[in-house]
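Working notes, structure below.
Labels below follow one simple rule: chain letters A, B, ... track the order of the sequence lines, proteins then strands, and each chain is numbered from 1. The analysis underlying the following values was restricted to heavy atoms, covering all of them including side chains, and did not include hydrogens, waters or symmetry mates. Please read all numbers here as calculations on a predicted model, not as lab measurements.
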There are 2 protein chains.
Amino acid sequence: MTTIKDIAKAANVSPATVSRVINDGPKVGLKTREHVKQVMKTMGYRPNINARALVNKKSTSLGLVLAELMDPFFATYANAIETVARESNSQLLMSSGSSSASSELDAIETLLDHRVKAMIVHSKFLDDKTLVDIARTVPGFVLINRYIEAISERCVWLDNVLGGYKMAEHVVNLGHRKIAVVSSDFDIEDPRDRLQGIRNFLAEHHIPLPDSHIAISSPNQQGGEIAMRELLASQTEFTAVLAYNDAMASGVMNTLYDHNMDVPNDVSVMGFDDVILAQYCRPKLTTMHYPIRLMAATAATIAMDLAQEKAPSEERSYKFIPTIMARHSTKKI
Amino acid sequence: MTTIKDIAKAANVSPATVSRVINDGPKVGLKTREHVKQVMKTMGYRPNINARALVNKKSTSLGLVLAELMDPFFATYANAIETVARESNSQLLMSSGSSSASSELDAIETLLDHRVKAMIVHSKFLDDKTLVDIARTVPGFVLINRYIEAISERCVWLDNVLGGYKMAEHVVNLGHRKIAVVSSDFDIEDPRDRLQGIRNFLAEHHIPLPDSHIAISSPNQQGGEIAMRELLASQTEFTAVLAYNDAMASGVMNTLYDHNMDVPNDVSVMGFDDVILAQYCRPKLTTMHYPIRLMAATAATIAMDLAQEKAPSEERSYKFIPTIMARHSTKKI
DNA sequence: TTGTAAGCGTTATCAG
DNA sequence: CTGATAACGCTTACAA
């Protein structure tokens, strides 16, 4: 690998000058600059990022911690963030697969070892204190899909309670009164929040939601199928099903079809997230749109800004609002 | 950030000794070792990966170049590779979004700048020569989903021709004789190969495949819908449709339904890839299983091995074979 | 405008 | 078994 010294020698200048050329550094004679550039090109020079990171005490890469790359939900995140990263010439250093506090911490620390300039973290298992502590020592630390009061200006999150509220509102407006809920057995805030939102709306409108109308299973298609089978087996009466996410909703529809019930004619079904799957379903799924791309871009942007200790970003709050995406799986009763 | 020197000072040893402890280096007194470890723990020492990479002339991260993270197909790749990477304590440095020769080259060069110890590259646009040249200078360079004779032992690829062949065989065995094909307009080898495989089988069995039975569009659900509409509009007669991939197949089914045709009773539909979507479809899609996870793991493993200049991996060939995944979208005629 | 030299945090080669 | 010391490739005062 040719180094800056090789270039310097070949171009008859000092390494410092080469460095200046590389970084568009200040005050370099036009002809030396051109000359050096020429030499770099012909010799095929490529800077050693690690050496640079060492002296700068910061690498140019952007760290990303996600739970699961295969999940389209997270894939969308990764994709959007990668786009922003590339635009600012940084690489993405990924750590996925976290589904426990210790693995989450592990992922974060590895990123720290790499001295990433900024990091975007999806963490559902680490406690607030740990996260806040890390945030204090890492300027460009941003949390997605989570809200912690103490570092609110570094949290990019979705109002899940409102999401649940709007789901209930949507089907009730369509005339449904017998509502069933299919929720996730993951022990994190999201399902609790969404369910709470549903409860809030229903309570306000004096519509009951007995426990027998709530089935819980894993947050994927199979979980949806299982949950719906339970509901059916217990003779629960309902005309609308609110699912925790699109995958579960798709499972719900499968089970319904297997029992010769039509969606949306016999039962209305709603999902949450609006991942690509929602459009691939048949009928296309009515769901809550989760502005993932927007949130990802926001997170990436503020992470980079924070990293450069830019303006304190006016103490804004980055709460996002889910919106109804009405498609064909819900219908007026 | 506390450095190795800080630890050395605090522990009353030399930096060299600390380094030895960190790397389980040879010959360190048991008590010094324990003592140093203790100090590191209490001072919360974290090694600077960049410094390490600089002196070692190699970083510990594994580079990955993919076309598109959001595509479930690539997400599966990324996920599987990340798993292998983590098991060998390396981070994933991602570069996605490439869809042109120049952006592919860009991604590779960035990874090179990071001195990644190995890299796994999905490239459909760079020409053979360029890739071969890079491979020569980078020991741990592995190509996925592409075969280049000159570096065959670094190629992990799928036999797409055989895949097409098997698709045709499957529906013909089911009794279909009027077959339509929905292919991709992407100018890469894969669609050509799959189509060639279909042609091969059909020719062997004297079943015609006139151009009018082939529709081409973009390799996603919408493309499938469009292509199928064209076929229908031109009054083409067929009882089976072979799609380029699962997404197109799903689009094909949508259009068929919109025209009141049932799958599989009126028409059999086959996809390719066996991405998660295939199971989320209704009816569940019969498709060609693409052993992505296995291929990804293989690629990651040989990339790491190659990087350590291990045994020349016995000059094996890493060709993988797609297999029929019979589900419910195809039926005997 | 350009060069010299110190130093970023590690590892590795020698001595001791 | 342990300690100096010299790299690794680059950036950045400080000089010239």
Side-chain angles (χ1 to χ4, degrees), chain A residues 1-40 43-61 89 109-117 308, chain B residues 1-37 39-40 43-61 89-90 109-117 308:
Chain A
M1 280 271 114
T2 107
T3 80
I4 214 174
K5 284 185 184 171
D6 299 330
I7 304 294
K9 217 160 286 177
N12 259 327
V13 295
S14 75
T17 301
V18 179
S19 175
R20 291 188 185 102
V21 173
I22 293 169
N23 303 293
D24 286 322
K27 302 163 194 295
V28 186
L30 190 59
K31 15 184 184 179
T32 15
R33 160 164 283 141
E34 288 312 317
H35 180 217
V36 172
K37 275 189 176 170
Q38 185 54 44
V39 175
M40 292 200 301
M43 297 187 62
Y45 171 76
R46 305 240 99 217
N48 184 324
I49 296 279
N50 298 309
R52 197 178 274 179
L54 176 58
V55 36
N56 292 333
K57 290 157 169 304
K58 276 275 159 268
S59 93
T60 53
S61 21
N89 286 303
E109 293 191 323
T110 313
L111 257 23
L112 251 27
D113 292 349
H114 282 263
R115 307 296 190 268
V116 293
K117 67 170 164 196
Q308 301 176 219
Chain B
M1 280 270 111
T2 106
T3 79
I4 213 173
K5 286 185 185 173
D6 300 330
I7 304 294
K9 218 161 287 177
N12 259 326
V13 295
S14 73
T17 301
V18 180
S19 175
R20 288 187 187 104
V21 173
I22 293 168
N23 304 291
D24 285 322
K27 301 163 193 295
V28 186
L30 190 59
K31 17 184 182 181
T32 13
R33 157 163 285 137
E34 288 312 317
H35 179 219
V36 172
K37 276 189 177 170
V39 176
M40 293 199 301
M43 297 187 62
Y45 170 77
R46 303 242 99 216
N48 184 324
I49 298 279
N50 298 309
R52 199 177 271 179
L54 175 58
V55 42
N56 291 334
K57 291 156 167 306
K58 277 275 159 266
S59 93
T60 52
S61 21
N89 286 301
S90 21
E109 292 189 326
T110 313
L111 257 23
L112 251 25
D113 291 350
H114 282 263
R115 307 296 190 267
V116 293
K117 69 170 163 195
Q308 302 175 220

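At least one side-chain heavy atom of A:Asn23 sits under 4.5 Å from a side-chain heavy atom of A:Arg52. Counting only heavy atoms from C-beta outward, the side chains of A:Asn48 and A:Met1 never approach each other to under 4.5 Å.
Between the NZ atom of B:Lys9 and the P atom of D:dT2 there is a distance of 20 Å, rounded to whole Å. Atom CZ in B:Arg52 sits about 8 Å away from atom C1' in C:dT10, given to the nearest Å. Distance CG (A:Asn56) to C1' (D:dC10): 8 Å, rounded to an integer number of Å. At whole-Å resolution of the value, CG in B:Asn50 and P in D:dC10 are 14 Å apart. Across the protein-nucleic acid pair, B:Ile49 atom CD1 and C:dT10 atom P stand 10 Å apart, rounded to whole Å. Distance, A:Leu54 CG to C:dT10 C1': 8 Å, rounded to whole Å. Rounded to whole Å, atom C1' of C:dT10 lies 17 Å from atom NZ of B:Lys58. One interatomic measurement links the two molecules: CG of A:Leu30 to C1' of C:dT2, which rounds to 15 Å at whole-angstrom precision.
B:Thr17 comes within 4.0 angstrom of the backbone, heavy atoms only, and of no base. Counting any heavy atom pair closer than 4.0 Å across all strands shown, A:Arg115 reaches no nucleic acid atom. In this structure, B:Val13 reaches the sugar-phosphate backbone alone: every heavy-atom distance under 4.0 Å involves primed, P, OP1 or OP2 atoms, never a base.
If you check C:dT1, D:dT12, C:dG9 against the side chain of B:Asn48, the one that comes closest is C:dG9. Comparing D:dT11, C:dT11, C:dA12 by their nearest atom to the side chain of A:Asn23 picks out D:dT11. Considering only side-chain atoms of A:Val55, the nucleotide from C:dG3, D:dC1, C:dC8 that sits closest is C:dC8. Of the candidate nucleotides C:dT11, C:dT10, C:dT4, C:dT10 has the atom lying nearest to any side-chain atom of B:Ala51. The nucleotide whose nearest atom lies closest to any side-chain atom of A:Tyr45 is, among C:dG9, C:dT11, D:dC10, D:dC10.
Comparing B:Lys57 and B:Asn12 by the nucleotide of DNA chain D whose heavy atom lies nearest to each, the residue mapping closer to the 5' end is B:Asn12.
For C:dG3, the base has a donor-acceptor partner in the side chain of A:Arg20 [N/O atoms by modelled type, under 3.5 angstrom].
Contact annotation: A:Ser19 side-chain N/O to D:dT11 OP1/OP2 distance is under 4.0 Å. OP1 or OP2 of D:dC8 has not a single side-chain nitrogen or oxygen of A:Thr3 nearer than 4.0 Å.
If you take CE on A:Met40 and CD1 on A:Ile4, they are separated by 8.5 Å, rounding to the nearest 0.5 Å. Here A:Lys37 contributes atom NZ and A:Ile7 contributes atom CD1; the two are 14.0 Å apart, rounded to the nearest 0.5 Å.
Scanning for side-chain hydrogen bond (donor to acceptor under 3.5 Å, both in side chains) contacts around B:Ser14 gives B:Thr17, with sequence neighbours left out.
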